[in-house]
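Keep in mind that the numbers below use all heavy atoms, side chains included, and drop hydrogens, waters and symmetry copies. Here is the naming used below: chain letters follow the sequence lines, and residue numbers restart at 1 for every chain. Nothing here was measured: the structure is a model prediction, and the numbers come from that model.
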Amino acid sequence: MYSDKVMEHFNSPRNMGEIENPDGVGTVGNAKCGDIMRIYLEVEDDIIVDVKFKTFGCGAAVATSSMATELIKGKTIDEALELTNKAVVEALDGLPPAKIHCSVLAEEAIKAAIEDYKNKRKDAE
Amino acid sequence: MYSDKVMEHFNSPRNMGEIENPDGVGTVGNAKCGDIMRIYLEVEDDIIVDVKFKTFGCGAAVATSSMATELIKGKTIDEALELTNKAVVEALDGLPPAKIHCSVLAEEAIKAAIEDYKNKRKDAE
Amino acid sequence: MIYLDNSATTPVKKEVMDEMIPYFTEIYGNPSSLYKLSRDTKRNLEDARERVAKLLGAEKDEIYFTASGTESDNWAIKQLARANKKKGNHIITTKIEHHAILHACEEMEKEGFEVTYLEVDSEGKISLDDLIKSIKDETILITIMYANNEIGSIMPIPEIGKIAREKGITFHTDAVQAVGKLNIDVKKENIDMLSLSGHKFNGPRGIGVLYIRKGIKINSFMHGGGQERGKRAGTENVPGIMGLAKAFEISMENREEKNKKSVELRDYLIERVLNEIPYSILNGHRTDRLPNNANFCFRFIEGESLLLALDNFGICASSGSACTSGSLDPSHVLLAIGLPHEIAHGSLRLSLSDETTKEEIDFTIEKLKSVVERLRNMSPLWEDFVRNGGKDNV
Amino acid sequence: MIYLDNSATTPVKKEVMDEMIPYFTEIYGNPSSLYKLSRDTKRNLEDARERVAKLLGAEKDEIYFTASGTESDNWAIKQLARANKKKGNHIITTKIEHHAILHACEEMEKEGFEVTYLEVDSEGKISLDDLIKSIKDETILITIMYANNEIGSIMPIPEIGKIAREKGITFHTDAVQAVGKLNIDVKKENIDMLSLSGHKFNGPRGIGVLYIRKGIKINSFMHGGGQERGKRAGTENVPGIMGLAKAFEISMENREEKNKKSVELRDYLIERVLNEIPYSILNGHRTDRLPNNANFCFRFIEGESLLLALDNFGICASSGSACTSGSLDPSHVLLAIGLPHEIAHGSLRLSLSDETTKEEIDFTIEKLKSVVERLRNMSPLWEDFVRNGGKDNV
Ligand SMILES: Cc1ncc(COP(=O)(O)O)c(C=O)c1O
Ligand SMILES: Cc1ncc(COP(=O)(O)O)c(C=O)c1O
């Protein structure tokens, strides 16, 4: 049911882990529905220099987290905000219809982490 | 579905044929229902010295005709009248439930032939 | 043994067996599970669905695997009717359908549906005029068989499909006897639903298909797990499905060539029987019939004893359809084409396979001749007929 | 490969395969036909019916072959309800039935029946008091599974049977998971109808049985030919039937001995998992469960990723039942025994076969430990839990 790419990312997820004192964190989803994603950002000069994730969820949830973090690492905040769930799905060579929501969650988790980063910066100003 | 005895009588029916100038003939059943039996009797001193049958019908119809004629050959008219369909079924080692009516038909055909014989004798008296 | 009852069921071909066996013992994963074994199973299952779809001119997602032709028929009729009862309560079918259709229709009558059973002519065909006249505003379903299982007559399916499509009525066809023998294209022929059964074309028993065109409104028949895209519950019979797909493919290879041979042999059989056995009748259309079907009536004799006598020579045949041979009534199909009861009782169906040889047919004809003669000599009806100088009094 | 999903489906045993094969290719006669080939087929079919009956403590004429457990369940519920609707419109079942039962019941609700879904306790058992209280004058059917397919808990069937019999209510049990593993006697346990499915005990897929006690009023589900004494139409799947009978017999040979071994291995598995994997939970009754079933929840992780990770080591398992693994909702069974959603999501069912070895179990436990650890390290829920000093905030 999953593409080889999805399985590869599930088995060797990129950027899995935490960042201590992150510049932004976003957590979306809920355990009831079976998916929670948390994204940690380290940002320098508006560039995402490091990103990590933690995910509770199915194979697609793990793979989309991994792929999404890959896609925004090294990018500017604005570029990261342009990341769509569609791009994540394509980069994974597709997802089963029932799993598309995982890619949406990944997009949302990144947006939430950037939001947090922006809020923190505002507070710091 | 049929016993070996039924098949044996179907394949080598006893007393199949006609009797010219019979002392009694009985035909029962109808083609619509798929069974017609005709019994010919030759009677001497109230004893059935010869009996023949013709049958249009299923394997059980042929076998019961054959067996029934066997059972009454050489018997007196009164003995023949006592022949029941049950006796025919037993002599054939049984019949499938849906085929019991054939044995009833055989009993009726003999009764009809004897009736005809009695009527003819009455007419002759 | 000479097996001439291929319309009743068929042996599974060796290639089909070889295709199935791994799915019993090795690739046995439940297609709904996640692990590799199941993913492999699932992939092959979906591949089989695709292959079946292709052979029918359908889309993959329009193929639903069932457990038999009977289940496909029951599903199509009952659940289409129930799903559309707000739209209308009228169903059109024919008098010569298989009992899986007729009895399903009768059930729907009990639930308040009205069913028109179209008459057929002496060759077993409906009239398109009759069909058009029987259509009402309330008609939600036309179900007419592709080819008859007893007398082999082929119905004017593309014409019926056209009429149904123009009127916006769902058209189902029971193609259990036609599949594997005739080229069918559900799109070109405007067929909305089609039933088929694996064991009629050298596939396994216990597996069938219902093709349902996308957009047709129909309820599920089996409720439970989410198999078959939520429409037909139950753990998939993967070996059966693989066997069905393989058998279907094999049967359609060089179909035209095989049909040519089959028709030649069938016609040779028909000619010789009609010429050499007096008072024999061919049932069904002379040419527009299944390539492997011959159905006769032999006057003055009864069908069961004919079958038993042929069986003594190792010839396997049936009288009418297999599933009613326990019954005492003559075939509803033969009565519908206008035969009187007493003649309908004396019917014989010989259904050939692609492997049937001329030698087998010659042997069968010889035995048939002697058996018919023997049984006529035993028959009081024949006796009366001869006494009457060969004139009918029926 | 280590196959621990025997509750989903099972491979067909070699002896079963050997029993079946001749019926595909040699003894292929349609049992309804007259000739010797068919009489031989028919005799073997009836013999198989007798053998199945014997294993259940039933009469031969009470055994009806169907195409699956799902069909048996659908037939039992829908057609008993419809046949008895004048008597009453109330059905009693439980919240943890298989979807074949639950969805069939829901269909009956649409037709105006009222269904009581009994609660179960934390170990998956109903209370007999609840059952008695739920019975009304209108109750026509009690359908309660013999053993649960996810958590393995065994229901108090003889007690339920006694209650139903005393009240004159028909009692059906879905014994799909129990047959071949537990000794069942339908007469002693006052069971009126029972469903079973061949592929759950190393028989073929696509074949099932519905036992219907003599005297039970029920309509046919499949209409068509007169097969199965007029109650279930469709050409008989003879290879499937022969395979089912053989597999059933084999599975019941030395059953006690096999169960002893199975229970030992199961308990060893359960003990080690509970002891060696923190925050793991056993679902279902500790002892009163299917001898081959173990079902766990591992907190803070999700079931599908657990299965995928195990699959990498060749371990085949499932989370809940196979047929719902495509769905996003956690198992209705785990919710019914009172687990919160987030815990229910992390379930794992390991179902053993008689051939499962201790080595396989040891390997599985080792891999399970590392996989659970890896996934917890990935889990934000675990992170929060640890941050909280191991205290729950769910
Ligand atoms: C025309 C037709 N429809 C339906 C069926 C039923 O198919 P099955 O026996 O596979 O259920 C048959 C054969 O028995 C048939 O010939
Ligand atoms: C308890 C229970 N009932 C019914 C079924 C349905 O059986 P089948 O898949 O053979 O239709 C299953 C298994 O899938 C089951 O475990």
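A 6.0 Å sphere centred on CD of C:E271 holds more than 12 heavy atoms belonging to other residues, nucleotides or ligands. For B:D123, the CG atom sits in a packed shell: over 12 heavy atoms of surrounding residues, nucleotides or ligands are nearer than 6.0 Å. Counted within 6.0 Å of CG on B:D4, heavy atoms from surrounding residues, nucleotides or ligands total 12 or fewer; the atom is thus considered open.
In terms of heavy atoms, C:E304 sits closest to B:A60 at OE2-N, 4.2 Å. The shortest non-hydrogen separation linking C:N377 to B:M16 is O-SD, 3.8 Å. Nearest heavy-atom pair, B:F56 versus C:S379, reported as atom, atom and distance to 0.1 Å: CB-OG, 4.0 Å.
For C:D384 and B:K54, the salt-bridge test fails: no basic side-chain N is under 4.0 Å from an acidic carboxylate O.
Here the OG1-CD distance, from B:T55 to C:E302, works out to 11.0 Å after rounding to the nearest 0.5 Å. Taking NE2 of C:H345 as the reference point, atom SG of B:C33 lies at 6.5 Å (rounded to 0.5 Å). The OG1 atom of B:T27 sits 8.0 Å away from the CD atom of C:E383 when rounded to the nearest 0.5 Å.
When each of B:P96, B:A61, B:G57 is checked for heavy-atom pairs under 4.5 Å with chain C, B:G57 comes out on top. Counting heavy-atom pairs closer than 4.5 Å to chain B, the top residue among C:S305, C:A309, C:G346 is C:S305.
Taking 4.5 Å as the limit, some side-chain heavy atom of C:R374 sits within range of a side-chain heavy atom of B:P13.
A search for side chain to side chain contact (heavy atoms under 4.5 Å, CB included) contacts involving C:K369 returns C:R272, C:E276, C:I277, C:I365, C:E366, not counting sequence neighbours.
For C:L308, the parts sitting under 4.5 Å from any heavy atom of chain B are the backbone and the side chain alike. Both the backbone and the side chain of B:N11 come within less than 4.5 Å of a heavy atom of chain C.
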